[in-house]
Amino acid sequence: MIDNWQSLLINSFYFLAAALFILGLKKMSSPVTARGGIVWAGVGMVLATLITFLYPDISNFGLIILAIMIGALPAWWFAKKVAMTDMPQMIAMYNGMGGGAAATIAAVELIRAAGGEHGLSPTVQTLAVLGALIGSVSFSGSIVAFAKLQGLMKSSLIFTNQQFLNLLLFVITLALGAVVIFQGASASTTLIFSFFALALVFGVLMTLPIGGADMPVVISLYNALTGLAVAFEGFVLGNAAMIIAGTVVGAAGTLLTQLMAKAMNRPLSNVLFSGFGAKGGQEATGEDVQGSLKPIDATDAAIMMAYAEQVIIVPGYGLAVAQAQHKIWELTKGLTERGVRVKFAIHPVAGRMPGHMNVLLAEAGVPYDMIYDIEEINAEFEQTDVALVIGANDVVNPVARTDPSSPIYGMPILNADKAKNIVVIKRGRGTGFSGVENYLFYADNTRMLYGDGQKMAAELLQGVKAL
Amino acid sequence: MIEGFIALYIFMLAAFVGYEVISRVPVILHTPLMSGSNFVHGIVLVGAMVALGHADTSLTKTIGFIGVVLATGNAVGGYFVTERMLEMFKSSKGGAK
């Protein structure tokens with residue numbers, strides 16, 4: 001059936017592609033070589049795609065090429081045009097598409113098997129069904145994540161017995177999948193479609209109650225799930241490139257998800273099933289807060305910073321919303337010219353995705369060696385004259401250290417409160433995503449600079465320049 | 001092409017590779033790396049092409065067609081998003097770009 005040279009050629013290309021993917025990911029894990037990494041992986045993808053046209057026993061070449069063009073053009077256009085701040089939802093969207101594609105592979109293979117065209121062994125049938133389930137959940141879940149991040153869907157849907165209903169739905173979906181496996185060649189198309197429909201609905205319902213603050217973890221989880229689904233469908237098709245690439249992503253994505261959940265000090269189960277991130281703003285009471293909020297104007301804050309020896313800037317999601325990264329970089333340059341040492345401190349979960357802030361700052365031109373992780377910089381706050389907190393909230397809330405009853409207790413935070421002076425740029429008096437009152441804002445050495453991040457950064461810059 | 005235990009061995013080894021490759025990554029690269037791994041599972045395109053290539057009824061052709069469109073979106077979109085993010089990494093010492 002398979003000519004030897006054909007099999008050899010295809011497999012050597014897949015082998016090369018798999019090696020390029022792994023090397024590419026490896027290179028992507030260091031800032032110096034990262035840009036080369038994606039090119040390597042890209043070459044691997046092109047090689048694997050081209051050689052697949054030589055696959056034995058396939059037809060519909062016209063349809064394949066048409067589908068590739070229809071898929072490629074909008075994806076290319078949006079990826080090029082979308083603003084850097086919207087990157088998280090683009091990743092969610094493209095990831096969902098991959099999950100959906102894995103599910104369609106399963107659908108085609110299962111329907112063909114049910115039509116008696118080719119037999120699938122029970123093992124392969126099981127893997128196809130599992131990949132279909134995971135891929136479908138990743139697909140519909142990622143679309144919900146996209147809608148939430150894009151602001152198309154504001155509220156989180158929470159109702160009583162939600163977890164029970166989700167569990168019930170999940171069990172029914174699994175049961176239906178089991179029936180598909182047992183019936184094998186005699187499974188009806190209707191049965192297969194019902195299974196897919198339930199899996200898609202489950203993905204939506206599972207993601208709906210999860211709040212915006214938890215989306216990074218969710219996207220990362222779905223990324224890992226899509227990888228796994230791709231690996232399973234790779235088993236079904238006997239395609240080593242898919243098995244390797246899918247599994248590598250599945251493992252890497254799982255680790256990344258754990259790192260993120262750990263940074264938030266919440267077990268993954270808590271993120272997925274508690275609806276915690278959704279309650280934003282509702283729990284805010286602030287009854288027992290000591291002290292008061294002390295406003296400052298931009299000119300005074302600018303003087304404070306201009307005469308400082310060291311300033312640490314703590315950016316949060318508010319910076320992304322206000323698109324303030326460019327102005328902040330100008331401010332940084334202004335301060336550096338005056339001899340002030342400026343550093344950026346990034347909390348692992350600042351923004352919407354791990355590393356989101358780094359990407360935004362990099363976009364503005366901030367060199368990555370001015371940007372520090374929580375472990376690297378936390379000890380330095382004590383020798384810092386001014387900590388400028390811009391659009392960050394929960395990640396600098398000292399309550400995480402002191403109050404065991406707080407929902408964010410135990411989360412590692414940036415020790416901005418230990419700096420000699422703290423300036424907080426903030427639009428209003430609202431709380432962070434956790435809905436917990438921030439005691440830092442009430443501290444004696446904290447001054448509040450109310451206003452839009454970009455506008456305030458511009459005013460600070462003017463203030464510094466005027467000196 | 002690949003069967004049984006060989007596939008299982010590949011699965012296990014690849015899982016270790018994935019874990020190792022990412023375990024020493026600085027936080028700064030988490031988002032680009034997530035994006036990069038998102039691109040890598042765009043290899044699903046290869047499978048989608050084979051599935052569509054196998055399709056012979058209008059139903060399976062339609063599903064397979066959707067699959068290839070989605071998979072291409074994953075691969076192409078994933079690539080350019082990652083590339084855009086990574087392009088912005090440069091050192092103040094004036095190394096790259």
Side-chain angles (χ1 to χ4, degrees), chain A residues 21 25-26 28-29 31 34-35 38 42 48 52 55 58 60 64 67-68 70-72 75-76 79 90-91 94-95 97-98 100-102 104-105 107-108 111 223 226-227 230 233 235 237-238 240-245 247-249 251-252 255 348 353-356 358-359 362-363 367 369 373, chain B residues 1-2 7 10-11 14-15 17-19 21-22 25 27-31 33-55 60 63-83 85-86 88-92:
Chain A
F21 288 151
L25 278 176
K26 179 78 205 153
M28 268 186 255
S29 59
R35 284 185 295 160
I38 184 66
T52 302
Y55 222 77
I58 67 168
N60 302 329
I64 293 177
I68 288 179
I70 292 178
W76 171 78
M90 293 319 287
I91 298 179
Y94 293 136
N95 172 54
M97 292 172 89
T104 62
I105 295 173
V108 170
I111 292 171
N223 185 40
T226 302
V230 171
E233 299 312 327
F235 280 111
L237 297 173
M242 281 172 74
I243 300 178
I244 295 174
T247 311
V248 167
V249 172
L255 178 62
M353 311 227 297
H356 191 191
N358 309 78
V359 168
E363 184 201 11
D369 44 17
D373 283 353
Chain B
M1 285 179 174
I2 313 275
I10 297 179
F11 185 73
V17 168
Y19 203 85
V21 158
I22 216 173
V25 174
V27 175
I28 172 171
L29 279 169
H30 276 180
T31 293
L33 199 69
M34 185 194 312
S35 182
S37 58
N38 175 43
F39 164 68
V40 167
H41 67 53
I43 190 67
V44 71
L45 172 59
V46 165
M49 287 167 70
V50 172
L52 176 55
H54 284 162
T60 46
I63 299 174
F65 189 81
I66 296 171
V68 175
V69 171
L70 291 176
T72 313
N74 182 183
V76 174
Y79 182 86
F80 287 106
V81 164
T82 312
E83 193 199 32
M85 274 191 216
L86 290 176
M88 298 176 312
F89 284 96
K90 53 182 182 182
S91 152
S92 63

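A note on names: the letters A, B, ... follow the listed sequences, proteins ahead of strands, and every chain is numbered from 1. From a predicted model like this one, the values you see are computed outputs, not experimental measurements.
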Per-residue contact mode, Glu363(A) against chain B (heavy atom under 4.5 angstrom): both

Polar side chain donor-acceptor pair, His54(B) to Asn60(A), under 3.5 angstrom: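 Absent: no donor and acceptor within the cut-off.
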
Modelled atom types, side-chain donor and acceptor of Ser37(B) and Asn223(A), under 3.5 Å: yes

Is there side-chain contact between [X] and [Y], with at least one heavy-atom pair below 4.5 Å?
X	Y	value
Thr31(B)	Asn358(A)	no
Val248(A)	Tyr19(B)	no
Thr72(B)	Met97(A)	no
Ile105(A)	Val44(B)	yes

Which atoms form the tightest heavy-atom contact between [X] and [Y], and what is the distance?
X	Y	result
Ala15(B)	Ala251(A)	O-CB, 3.1 Å
Gly77(B)	Ala75(A)	N-CB, 3.7 Å
Ala7(B)	Phe235(A)	CB-CE2, 3.0 Å
Ile10(B)	Ala240(A)	CD1-CB, 4.5 Å
Val40(B)	Ala245(A)	CG1-CB, 3.7 Å
Ile91(A)	Met34(B)	CG2-SD, 4.4 Å

Nearest-0.5 Å distance that lies between atom [atom1] in [X] and atom [atom2] in [Y]:
X	Y	atom1	atom2	answer
Ile244(A)	Phe11(B)	CD1	CZ	12.0 Å
Met49(B)	Thr52(A)	CE	OG1	5.0 Å
Glu83(B)	Arg35(A)	CD	CZ	10.0 Å
Glu233(A)	Ile43(B)	CD	CD1	14.0 Å
Leu52(B)	Thr104(A)	CG	OG1	9.0 Å

Atom group of Leu45(B) that falls short of 4.5 Å from chain A, counting heavy atoms: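 Just its side chain gets close to chain A.
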
Which of Ala67(A), Ala48(A), Gly227(A) touches chain B most, by non-hydrogen pairs under 4.5 Å: Ala67(A)

Winner by heavy-atom pair count (cut-off under 4.5 Å) against chain B, out of Ile58(A), Val230(A), Ile38(A):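 Of the candidates given, the most pairs with chain B belong to Ile38(A).
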
Pick from Ile66(B), Val46(B), Val17(B) with the largest number of heavy-atom pairs that fall under 4.5 Å of chain A: Val46(B)

side-chain contact (heavy atoms from CB on, under 4.5 Å) between Leu25(A) and Leu33(B), worked out: CA-CA 7 Å; Leu25(A) 278 176; Leu33(B) 199 69; 4.2 Å; yes

Whether Phe21(A) and Phe39(B) hold their rings parallel, tilted or perpendicular, with breakpoints at 30° and 60°: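 If you compare the ring of Phe21(A) with that of Phe39(B), the planes turn out perpendicular.
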
